[in-house]
Amino acid sequence: MKQQENKFTYNNILNLGVWSNNLIELDTQPLIEAAYKIQQNYPSSLKSNIGGYQSPSNLIDIKEFSKLTSLINNTMFSLTKTSNFLVTSIWLNISPPNSYNDIHTHHTSTSKFSGVLYIKTPPNSGCITFSNPLEIDLFSKFQPYEKSILIFHSCLPHSVEPNFSQEDRISIAFNFN
């Protein structure tokens with residue numbers, strides 16, 4: 001993969017701490033194929049997903065995701081200008097029509113930042129919504145698109161709207177510590 005020029009956009013509407021970028025040169029097709037193989041070989045983890053598939057969070061150990069993990073680490077480095085943050089867990093979400101993710105956080109005792117990379121986003125497949133943890137009625141929506149990456153504070157509550165397309169929405173989520 002070529003080195004990406006990372007130009008992050010910071011969402012300061014609610015000062016929620018969400019940074020977005022586009023990994024233009026990322027080849028998503030091998031990741032999509034790997035996602036469906038993983039779905040066939042691993043049972044779904046029941047966390048925030050309603051009607052969709054969520055893999056175990058140890059994909060960092062799977063060959064197809066090693067280059068992606070490096071790319072995500074490099075993306076975080078370009079945002080923070082420090083190598084203090086590394087991906088510690090990575091998993092995928094396959095959301096067929098009408099599935100969604102309930103509001104949740106990725107906060108753990110070790111997780112400081114989290115993120116999501118969208119590898120398949122058909123039209124009408126749903127926005128991700130970040131809520132202000134101090135006032136849940138204040139929120140900010142992002143319309144995901146293929147190859148977009150969002151990085152945010154792990155304690156930030158978020159949810160994903162229902163997929164109203166006729167195809168799967170596929171994303172890869174991850175945590176840093």
Would the distance check show the side chain of [X] and the main-chain N or O of [Y] forming a donor-acceptor pair, the cut-off being under 3.5 Å?
X: Asn163; Y: Ser95; result: yes
X: Asn73; Y: Val87; result: yes
X: Lys67; Y: Glu64; result: no
X: Ser55; Y: Leu92; result: yes
X: Thr121; Y: Glu146; result: yes
X: Lys141; Y: Thr129; result: no
X: Asn49; Y: Lys47; result: yes
X: Ser111; Y: His107; result: no

For residues [X] and [Y], report the shortest heavy-atom separation together with the two atoms involved.
X: Asp168; Y: Pro96; value: OD1-CA, 3.2 Å
X: Leu117; Y: Leu23; value: CD1-CD1, 4.0 Å
X: Tyr145; Y: Asn21; value: OH-O, 4.2 Å
X: Thr105; Y: Cys155; value: CG2-O, 3.4 Å
X: Ser44; Y: Gly52; value: OG-O, 3.8 Å
X: Ala34; Y: Phe65; value: CB-CE1, 4.2 Å

**Request:** Decide side chain to side chain contact (heavy atoms under 4.5 Å, CB included) for Trp91 and Asn175; before the verdict, give the C-alpha distance in whole Å, the side-chain angles of both, and the deciding distance to 0.1 Å.
**Result:** CA-CA 9 Å; Trp91 64 97; Asn175 291 327; 3.6 Å; yes
**Message:** Going by salt bridge (charged side-chain N to carboxylate O under 4.0 Å, His left out), name the residues that satisfy it together with Glu167, two or more places apart in sequence or in a different chain.
**Reply:** Lys120
**Request:** State yes or no: are the ring centers of Phe113 and Phe152 separated by less than 6.0 Å?
**Result:** no
**Request:** Please find out if less than 6.0 Å separates the ring center of Phe130 from that of Phe139.
**Result:** no
**Item:** Other residues, nucleotides, ligands: >12 heavy atoms within 6.0 Å of Phe85 CZ
**Value:** yes
**Message:** Does the plane of the ring in His106 sit parallel, tilted or perpendicular to the ring in His158? Use 30° and 60° as the thresholds.
**Reply:** tilted
**Prompt:** How long is the gap from OG on Ser148 to CD1 on Ile128, to the nearest 0.5 Å?
**Reply:** 9.5 Å
**Message:** With side chain to side chain contact (heavy atoms under 4.5 Å, CB included) as the criterion, how do Ile151 and Leu79 come out once you've worked through the C-alpha distance, each side chain's angles and the decisive distance to 0.1 Å?
**Reply:** CA-CA 9 Å; Ile151 296 176; Leu79 173 64; 4.2 Å; yes
